[in-house]
Amino acid sequence: MSTPTATDTRVEDAARPAPPRRRLTLRQRIWRERWTYTFIIPGALFFLVFAYVPMLGNVVAFQDYTPFRGFGGSPWVGLANFNALFSDPELLIALRNTLIIAALQLVLAFPAPIALALLLDSLMSSRVRRMVQTVVYLPHFLSWVIVISVWQQVFGGGGLVSAVIDGFDIMTNADTFKLLVVAQAVWKDCGWGTIIFFAAIAGIPQDRYEAAAIDGAGAWQRMRHVTLPGLVPVATLLLILNIGSILTVGFEQLLLQQPMVGMEAAEVLDTFVYFRGVLGGEWGIATAAGLFKGVIGTVLVLAANKFAKRLGGEGIF
Amino acid sequence: MVEITRRNFLGAIGVGAGGLAAGGTLAGCTGSGTAGESGTDFAMPTFQAAPELEIEPFHTSDTPGMQNVYTEQVTTFFKSVDREPGSGGTVTSFQLTWGEPSDPLEENQYWQELNERLGVSFEPTFVPQPTFDQKFSTMLASGEVPDLVFVNDQSAVNLQGIRDGAFADLSDVLAGDNILEWPNLAARKEEIWRASLKDGRIYQVPSTVWAITSLIAMRTDLLEQTGIGTAPTDADQLLTVLREVTALGTGPGGQPVYGVSKYDPPMWRWIFKTGPDWRLGDDGGLVFVAQTEEYRQMLTWLANAWDEGVFDPVAMTANPADIVSGSGLQYRSVTDSFTALGFTQNEMDTPGAKMDFFDVPGYDGTAPVITRNVPYGRSTCVSAAAAEDEDRLVEILNVLDYLSAPYGSEEALFIGSGIEGRHFEFDEHGVPTSTNEHTTELGVQYVGVTSGANDYYGHPENARWGESFSRVMENMAQHSIVRPLEGLETESNTFITKGAQLKQLWDDFERGVVTGRESVDDLDAFVENYMGQGGEQVRSEYERLLGEREQ
């Protein structure tokens, strides 16, 4: 990293032959920056203990595992769990539902906070804006049990809307269930998602708007040519991160609503793992499903990153 | 998902259809039994009845499946344990908790008194009910199994623990007259032990349960307004009654009412006489109930009833509307309606409501068919590691014996209700009634090993329903059957691994047909799918086990 002093003396230095610079080894450089490195330790420990060490548990996917026998006492079964998994018709249902919900979330739920942030940003009164912001943040802090109960009371068969429109009930309709899931997710988390976009909007230099205004750009054009391009780096970053967890489409939300619409509509990979592993005791198959999901997630992140770079963006690594 | 609530647990629930199994050889067990040994090569524990109570039954019965009915409570209590159970050691437990966590020992007079009475330091691990199976697996994975572990052998992961040898084989310790050392443990009949064996051995001390734990209650104030009245005699009349209740719109308190507010499969299976999940066919083989004509008729009728608005639209959700104040018919537990304040409380809570028990009709105008529970409920296992030391095992069993005290004993009163004056007072009927103070101290109570005669002890406030309760239950018992797989349901290896999945598949289809998401015309396709995904294997394993038992 260059400092102001170094920059100032650079021109002068260029006139003289450069003195031979001693190359430091990696170890020496780490030692030199040892105090900086200590700041990494808590974060690194966190990932080590809660992310990397638990990954070792994936060996269960290759074992006939039971908790009491443990990793050491459970026999190895090779790829038997994967064979059982891929010949299981329920996996196909779970995978299909997961992918459909994920795609819908990507198309409908991902842009929602951007749109909301732009909408709120266009509000002139900061007081109104703050109030609306607070209101739209709130659902994020409700648990899924409460969210679904509220939706039930409003859109369910015995709910508010059905009191006006006889027979109205979207909560038990298996055909529209996936859209319902996305709508609930948007309602719950859209407001919360605007925070990061607000920060990005605040980071766009004011002079760009002024310059655009001088050049005759109206409000719509300023949003299109200044604000939106300013949001692209953050949106790309979030999109790549979202794609990594795309197959995690909401465990509690789906588990709670599955009895109403049925497995055919609401079984996803996470509920599949729960039913097989935690309830069914088929730890090997459940872990194999989890591992399968992890591998797909990794491939998607790598692909999305590459794609972002190819489009001229920065990617995240 | 097998759900355990405090209410149905205390009511000693029986075994439902979703059971899983510990099959194969139970290996690696230590303690007094022989590792990996199989079969009943020991004398079943001797039965010794609990002391007789000083109250007279309201109704006595010898009908299999029926218990005596009492409408008054004991007022004098006997002592069931003469010795001090422990000798100063520590006994740990892994037990369910439903409510708030118990107060810590130093602030908890109940716990201190319990330690005093048990003569040990009782150190429970409290496990919230919703996460019991997860925590159970974690406990097993830690390798440190507490001395006394509450076990639900209808859960696959619990059964895995038994199968893998986490718990002691108690067969020889409790065999024959050996059990008389622990009189409260001995106060359970042979059929209870026999039904709970795993691979022919005793790994669990089972609770006694009623053969029939639930019944149908009705709102007579609603049913009396219908053209048929309170006693429909077949499915057509029943549909008319329920339709007309829904048509009332609101009840006396202005609350919305429906024919039925919650979907509870067992009551419909009684009415449509489907019997248990696996029935004996004419050729002696097993038939999956979904393959029977009765089941098809039931689904057809239910789908029609749902379509006609007989059910509350939220009857299938995880949180159905108030099942008492808004429902013409209600599937209720005996505890919830009769032995606790039940109906009396319901009538107080919903002004204008009149409650009564409902005579279950058969769909075709004949009698219903009630499937009895297997004769044991939740159980307690003893850690295999702890049982390696004989003195320690005796101390643990002494403690369990105390905790297993039957109704009418001083010990059961203390375990269930706490300390008089602090946690409860006797009301005018002699019923211990909570003072509603220090209730969090009672979170430490261990209630997993009920014993004794297990009769129906109605709350005295519900005495006016004594007659209708006795009549309805007697009728149900007279038309009750034992499931052919009693004692074998947890022995199919496939059921242990596939049980939860199959149950989910079936439940999903059934609810789908009822709500119109699926069609009853697809029943054959469903059965084929069910059998293909493991049902056929389960059946063949059960048939083999039945054959072995007959020999």
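Just so we're on the same page: letters track the sequence lines, and every chain starts at 1. Below, all heavy atoms of this structure are taken into account, side chains as well, without hydrogens, waters or symmetry copies.
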Any side-chain heavy-atom pair of L505(B) and F526(B) under 4.5 Å: yes
Chain B contact residues among residues 49-80 of chain A, heavy-atom distance under 4.5 Å: Y65(A), T66(A), P67(A), F68(A), R69(A)
Check: T92(B) and T125(B) side chains under 4.5 Å, non-hydrogen atoms: no
Chain A contact residues among residues 507-523 of chain B, heavy-atom distance under 4.5 Å: D508(B), R511(B), R517(B)
Check: D312(B) side chain, Y258(B) main-chain N or O, donor-acceptor pair, under 3.5 Å: no
Salt bridge flag under 4.0 Å for residues K262(B) and D264(B): yes
Identified ring-ring contact (aromatic ring centres under 6.0 Å, His included) counterpart of F150(B) within the set F167(B), F132(B), F94(B): F132(B)
Part of residues 169-190 of chain A lying next to chain B, heavy-atom separation under 4.5 Å: A174(A)
Residues of residues 84-110 of chain A within contact distance of chain B, non-hydrogen under 4.5 Å: D88(A), P89(A), E90(A)
Flag side-chain contact, heavy atom, 4.5 Å: T194(A) against Y137(A): yes
Heavy-atom side-chain proximity of F136(B) to L140(B) below 4.5 angstrom: yes
Heavy-atom check, side chain of V278(A) versus side chain of V157(B), under 4.5 Å: no
D153(B) vs N158(B) side-chain heavy atoms within contact, under 4.5 Å: no
CD (E528(B)) with more than 12 external heavy atoms under 6.0 Å: no
V145(A) side chain reached by L256(A) side chain, heavy atoms, under 4.5 Å: yes
Residue pair V257(B), T246(B): steps toward the side-chain contact (heavy atoms from CB on, under 4.5 Å) verdict: CA-CA 6 Å; V257(B) 293; T246(B) 301; over 6 Å; no
Derivation and outcome, side-chain contact (heavy atoms from CB on, under 4.5 Å), residues F82(A) and L291(A): CA-CA 10 Å; F82(A) 289 91; L291(A) 198 59; 3.8 Å; yes
Any side-chain heavy-atom pair of Q537(B) and E541(B) under 4.5 Å: yes
